[in-house]
Amino acid sequence: MTQYDAIVLGAGAAGLFCAATAGQRGRRVLLLDHAAEAGKKIVISGGGRCNFTNVHTAPDRYLSSNPHFAKSALSRYTAADFLALVESYGIAWHEKTLGQLFCDGSARQIVAMLLEECAKGAVDVRCGAALGDIDHADGLYRVQYGDTGGDTVASAPALVIATGGPSIPKMGATGFAYDLARKFGLKIVQPRPALVPLTLPGDEALFRELSGVSTEIVARCGKAAFREAALFTHRGLSGPAILQISSYWKRGDTVTAQFLPDRADGWLRELKRERPRLSFRKALGDGLPDRLAEALCERLALEGELGALTDKALGAAEARLARWPFLPDGSEGFAKAEVTAGGIDTAELSSKTMEAKRAPGLYAIGEAVDVTGWLGGYNFQWAWASARAAGLAI
Ligand code: FDA
């Protein structure tokens, strides 16, 4: 049995950064992952360019049962800190939109950087390591691992759960973090798919026929609102605005879309006075893709010249276009979810170190924890910040 100072489970974003941080502090660290290579989700993230952080990172851009939990870690390791690391490796980057920072080149540069950081800390990185039994006795966590799960045993006084959430199982994602946390008595906040396309029921077939059409909207659900592009799909709704709002959506909730979000109140009635001969269909078509304008006209059951339509009918159309209701019947689930909301209950963890209060030496970081960021680099920033907090504590 080999003894380490810490064993980190999961060589994704959080596990790699935590292991590197602890290793560079002189800790002997073993980093285990069942996948053949480290950081697989990083490689495919941001369309292959990794949206590695967001300059607008702030605690209110995260969902959690305890909205205050993320504050401490996020304030102690910021987007600027991670950017400084990226720059120290000469990795070229750019800001795309809404504060999102991407690599100019490949996301693989971020994985290579993290592996190099691990090497600097002499971290023992073992990929392709299936995990077997894990137990705790006499102040040590013992982990069995190997090709078949149990050939080798390692022990350490600290064990870090960094195996992420179950989103995109075909990439090797599992609910392992929750099983292990439960084994040590920690509570789990019901995991659910987030940043995920929403599906529409059959009576919304009109919209499903618009598959491929995209337009800028303000998507709203409860108090949450996001102004970004929405995309109609053959199953329902996607695009950044919908992915964002999906994290706030629960079954039975209505999501509203504000089409033509720059139009002021009363715009159709004003247009009627200015251009009474303009058709209603053309009025909508100026600013919306043709097929969408057509579908909306059909649903609104209004046609003909604006001058022939009553102010009341036009006012009602304006109101509907500003809050077009969709009642999704579900989401595309973990198979398509970019992240998992819910997870290891933050009430179980120290917000400063990520250590479990009722299981000393056990830590949980990254997506495994009930902290979920908006779309746009926020989830990686949480991975880095929570990993740093644990890496400095073990
Ligand atoms: P992560 O999932 O990265 O790592 C977990 C590791 O644990 C994996 O290496 C896995 O193999 C391993 N593991 C799991 N179960 C195991 C088991 N039973 N035994 C051993 N090992 C196990 N975020 C963002 O901020 N910007 C972006 O651009 C994107 N883009 C993006 C695209 C796509 C397609 C997806 C699916 C996700 C994103 N994300 C994102 C989200 C981001 O990838 C995610 O939040 C982080 O990778 C979470 O980091 P973790 O280290 O917590 O988990």
Side-chain angles (χ1 to χ4, degrees), residues 7-20 30-54 57 61-62 79 82 93 96 98-103 107 110-111 114-115 125-132 134 143-146 149 160-180 193-197 240 243 247 332 334-341 343-344 354 363-388 390-391:
I7 302 172
V8 180
L9 305 178
L16 283 163
F17 197 52
C18 175
L30 173 65
L31 176 59
L32 298 173
D33 201 297
H34 65 174
E37 53 172 318
K40 278 171 74 177
K41 271 194 191 166
I42 301 175
V43 172
I44 60 155
S45 69
R49 293 193 196 275
C50 186
N51 176 194
F52 53 80
T53 192
N54 193 297
T57 297
R61 283 148 193 240
Y62 292 84
F82 192 76
W93 59 275
K96 200 167 165 191
L98 303 171
Q100 303 168 2
L101 305 192
F102 284 77
C103 297
I110 299 291
V111 179
L114 294 168
L115 285 171
V125 183
R126 306 279 177 99
C127 289
L131 301 177
I134 296 175
V143 177
Q144 292 189 2
Y145 68 96
V160 183
I161 306 176
T163 50
S167 53
I168 323 267
K170 74 168 191 253
M171 295 213 52
T174 65
F176 176 85
Y178 313 143
D179 299 338
L180 189 59
L195 299 182
V196 65
L243 298 183
S247 299
E332 295 201 21
F334 286 117
K336 291 280 169 65
E338 200 163 302
V339 287
T340 304
I344 298 172
M354 306 293 140
Y363 296 76
I365 57 175
E367 197 177 319
V369 178
D370 172 32
V371 174
T372 307
W374 286 1
L375 186 77
Y378 296 99
N379 284 295
F380 279 137
Q381 188 56 37
W382 168 246
W384 316 134
S386 58
R388 182 76 171 183

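We count ligands from 1, going down the list as the structure has it; atoms in each ligand are counted the same way.
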Seminar exercise, completed: Those residues at least two apart in sequence (or on a different chain) that pass side-chain contact (heavy atoms from CB on, under 4.5 Å) with V143 are I7, L9, L32, L131, I134, L159
Exercise. Who passes side-chain contact (heavy atoms from CB on, under 4.5 Å) against S247, sequence neighbours left out?
Worked result: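 For S247 the side-chain contact (heavy atoms from CB on, under 4.5 Å) partners, ignoring immediate neighbours, are L63, A194, L195.
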Problem set entry | salt bridge (Lys or Arg N to Asp or Glu O under 4.0 Å) against E338, all qualifying residues, sequence neighbours excluded | none
Exercise. Does any non-hydrogen side-chain atom of W93 lie less than 4.5 Å from one of F52?
Worked result: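 Touching, per the 4.5 Å side-chain cut-off.
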Exercise. If we only count heavy atoms from C-beta on, is the S167 to E367 side-chain gap below 4.5 Å?
Worked result: yes
Seminar exercise, completed: Distance filter under 4.0 Å, heavy atoms only, around ligand 1 gives G10, A11, G12, A13, A14, D33, H34, A35, K41, I44, S45, G46, N51, L131, A162, T163, G164, I168, G172, T174, F176, E338, V339, G366, E367, G377, Y378, N379, F380
Exercise. Of W384, Y378, W382, which meets ring-ring contact (aromatic ring centres under 6.0 Å, His included) against F380?
Worked result: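 Of the listed residues W384, Y378, W382, the ring-ring contact (aromatic ring centres under 6.0 Å, His included) partner of F380 is W384.
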